[in-house]
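Here is the naming used below: chain letters follow the sequence lines, and residue numbers restart at 1 for every chain.
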Amino acid sequence: MEDTFDSAEYLNMELMRFTTAGSVDDGKSTLIGRLLYDSKSIYEDQYEAIRKTSEQKGEEYVNLALLTDGLRAEREQGITIDVAYRYFSTPRRKFIIADTPGHIQYTRNMVTGASSANLALILVDARHGVAEQTRRHAIIASLLQIPHVVICVNKMDLVNFDKKVFEDIENDFRKFASKLDVKDVRFIPISALMGDNVVDRSTKTPWYEGPTLLYLLETVHIASDSNHIDCRFPVQYVIRPQSSEYHDYRGYAGRIAGGVFKKGDKVMALPSGFTTRIKSIDTYDGSLNEAFAPMSVTITLEDEIDISRGDMIVRENNLPTSGQDLEVMVCWLTDKPLQLGGKYSIKHTTRNARCVIKEVKYKLNINTLHRNEEDSSIGLNDIARISIRTTTPLFYDSYRRNRNTGSLIIIDEATNVTVGAAMII
Amino acid sequence: MDYNLNHLKELEAESIYVIREVAAEFQNPAILFSGGKDSILLTHLARKAFFPAKIPFPLVHIDTGHNFEETITFRDELVEEIGARLIVGSVQDAINAGRSTEEKGINASRNGLQTLTLLETIEANKIDAAMGGARRDEEKARAKERFFSHRDEFGQWDPKNQRPELWNIFNARKGFGEHFRVFPISNWTELDVWQYIHMEGIKLPNLYFSHKRSVFLRDDVWYAETEFMERKDTEVLVDKIVRFRTIGDATCTGATLSEAGTLEEIIQEVASSRVTERGGRSDDKRSETAMEDRKKAGYF
């Protein structure tokens, strides 16, 4: 951050969310610490606190991992248990990092961190190459449709910044990734501990001509990550002011899940199927001529039709799929296994419903991508293709097409815990 | 054309979505209002969320009795302006009734006592979702918080066993006697808050802007002279030009030596500051995991 701060500049900053994943010792927390430290986003009192702790533990370097491992149990065991959110900004962008643990038993956190990310940072230890964890993370990034993936080959200092080591890892990964659904993959040789190619270009990798990690994070194109084609407006809340000034006002509040809505557009309400036109798109700051994802607005309509929470406003000529029988990829998030034939609550956009698990089609081996059709026992961290039937029709798109209208969560009705993350096929 | 929001508008859209989700999913939500900038921001966002209707839930203030006078005046004016209902939970009442006991000694604070009064107020008013202005960048335990954070029937937080939160789909289901804490501005940083306040022209208590005040130094932190704090003989009152970066209970909120008298100057100062805003909070300095320990018990 500059010492002088231009107030006008911040109005042009974009927000970018990324997730980090890596095995226990890949140095993920160190990398985040490095990004925060080198972009001057760590404060003196924070740095002083972790310097003291590192010294007490007899560590050679200031352990930047202590910045993100905030819980008592994490600091005691030296591991990351839960998703931790970290923030930093440069004059170009504000970044939100979902820092997720790498151990096998905490995969559910990785899925959580990945669900809203624009970009995934996957760390590979240069000494060990593409490991089982690397493949697992890449598969999750692909499954959750993270638009951009960056492979950081870390600990290059421990392999003498050898170009061949880096290239072998890149080739290995590309071979594997050809089976995945990831569109944009980049590779960067770094040393998180020493700072090479993180913020500043390393002098030790003259053979590497690509950008530093921070430069890549600042410039990768994210404006087209949202769907601006299919108009989807899940109604969240109905606003009825009950005041003399706004006596007949009836506004449908919600966050646009896809597409661009314009004043005067002919729209259809689901499930009723009634059509009308958009009378106004309102916000506290005034009415708008158009609104797009991910804006939160209030829509009023020309005609009075019965619309409530969970309904969806769409364009007549571009309808979502409407139905009760869904095929989904599910990531199971809890110890108690999935019950075939079991009934669960679900939440999809703003709609609460129930479902029954009809069939387990196959379990996905997330190291090999092998589909095991014989195995229908789905437990913690398993990923499977299942079919469900819902109590009421949902209005949905495939997850590939729209992450907002293509995702749902599965909730255990006895414990109220979120047990499944599902992506509609 | 590129359909693109700047980072402040995107944060605003996210927070409004969360606030509306609370109004839709819960019977009896409330905003925990401290009079600090974050809860003022939260209240502003709630106004936007339901415009042109009023905010459909009350503001709750947990009053330690150790307030800066400006905070209370500001609170009452804001409540009047937006036409909201105000519920006050009083720590002093709890002490008088013998349910709470004052800490002893020179560093005595009512910070810890707030938890009991907060939980009592939540229970008495049957609040099932208490929205707070906590942000994940404030403190390392808060970095692990969910937007919808479940509390058991004792109001406790179980950080090792939190519900995963996926996409923007919030699971609001709970058992009898349980409640949620919801943090709509989780993803804002201190700088975002100031930039947004500037962009929107949101009114704040004067305490945030530099002014002359009688203060004394303790453990490298400047404290305002108040009737609620005892001073040691060595702690001398001096007049300084200060402002507050956070506003909490007067006994644990330190002042910052600062000449920043306008929002532009504050943004400038925050952007170049090398100390966290909670660096002046003695309540966080009691141990390395002070915030986590208090949060587990039901603190804000």
**Study point:** Neighbour count above 12 (heavy atom, 6.0 Å) for B:R85 CZ
**Key:**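 Result for CZ/B:R85: open.
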Which bit of [X] is near chain A, if near means a heavy-atom gap under 4.5 Å: side chain, backbone, both or neither?
| X | value |
| --- | --- |
| B:K54 | neither |
| B:A49 | backbone |
| B:S15 | neither |
| B:R47 | both |
| B:L8 | side chain |

Practice item. Compare every heavy atom of B:W167 with every heavy atom of A:Y399, then report the nearest pair and how far apart it is. Key: OH-NE1, 2.9 Å
Point to revise | For the student: nearest non-hydrogen atoms of A:I239 and B:P52, plus distance | key: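 In this case the closest contact between A:I239 and B:P52 is CG2-CD, 4.1 Å.
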Of all of [options], which one pairs up most often with chain B through heavy atoms under 4.5 Å apart?
| options | answer |
| --- | --- |
| A:Q242, A:K94, A:R93 | A:K94 |
| A:T349, A:N404, A:N352, A:D282 | A:N352 |
| A:T350, A:I222, A:V419, A:D285 | A:D285 |
| A:V417, A:I411, A:L333 | A:I411 |
| A:G251, A:S243, A:A421, A:S226 | A:A421 |

Rounded at 0.5 Å granularity, tell me how far [atom1] in [X] sits from [atom2] in [Y].
| X | Y | atom1 | atom2 | answer |
| --- | --- | --- | --- | --- |
| A:I410 | B:L166 | CD1 | CG | 11.0 Å |
| B:E12 | A:T283 | CD | OG1 | 7.5 Å |
| B:L191 | A:M13 | CG | CE | 7.5 Å |

If we only count heavy atoms from C-beta on, is the [X] to [Y] side-chain gap below 4.5 Å?
| X | Y | result |
| --- | --- | --- |
| B:Y3 | A:E290 | yes |
| A:P294 | B:E10 | yes |
| B:I169 | A:K347 | yes |
| B:M199 | A:L11 | yes |

Check your understanding: Side chains of A:E14 and B:N4: donor-acceptor distance under 3.5 Å anywhere?
Key -> yes
**Study point:** Six-ring centre of A:Y237, B:R20 cation under 6.0 angstrom, axis tolerance 45°
**Key:** no
Would you check if the side chain of [X] reaches a backbone N or O of [Y] as a donor-acceptor pair within less than 3.5 Å?
| X | Y | value |
| --- | --- | --- |
| B:K144 | A:V83 | no |
| A:S296 | B:A13 | yes |
| B:R173 | A:T418 | no |
| B:D137 | A:R86 | no |

Review point. Checking side chain to side chain donor-acceptor pair (under 3.5 Å) against A:Y87, which of B:D192, B:N187, B:T189 comes through?
Key: B:N187
Review point. Of the backbone (N, CA, C, O) and the side chain (C-beta and beyond), which part of A:I409 lies under 4.5 Å from a heavy atom of chain B, both, or neither?
Key: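 Contact with chain B is through both the backbone and side chain of A:I409.
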Check your understanding: Heavy-atom distance under 4.5 Å to chain B: side chain of A:A98, backbone, both or neither?
Key ->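 Neither part, no heavy atoms under 4.5 Å.
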Check your understanding: Should A:L15 and B:L11 be marked as a side chain to side chain contact (heavy atoms under 4.5 Å, CB included) after you check the CA-CA gap, both sets of side-chain angles, and the distance that decides it?
Key -> CA-CA 8 Å; A:L15 178 62; B:L11 290 170; 4.2 Å; yes
Check your understanding: For the rings on A:Y284 and B:H44, is their centre-to-centre separation under 6.0 Å?
Key ->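 Yes - the distance between ring centres of A:Y284 and B:H44 falls below the 6.0 Å cut-off.
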Review point. Under a 4.0 Å N-O cut-off, is there an ion pair linking B:E14 with A:R17?
Key: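 Looking at B:E14 and A:R17, the cut-off is met.
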Check your understanding: In terms of side-chain geometry, is the basic nitrogen of B:E25 or A:R309 positioned less than 4.0 Å from the acidic oxygen of its partner?
Key -> yes
Exercise for review: Could you tell me which of B:E178, B:E200, B:R146 has the largest number of non-hydrogen atom pairs under 4.5 Å with chain A?
Suggested key: B:R146
Study note, to complete from the structure: In terms of heavy-atom pairs under 4.5 Å with chain A, the winner among B:L263, B:L5, B:N168, B:I16 is B:L5
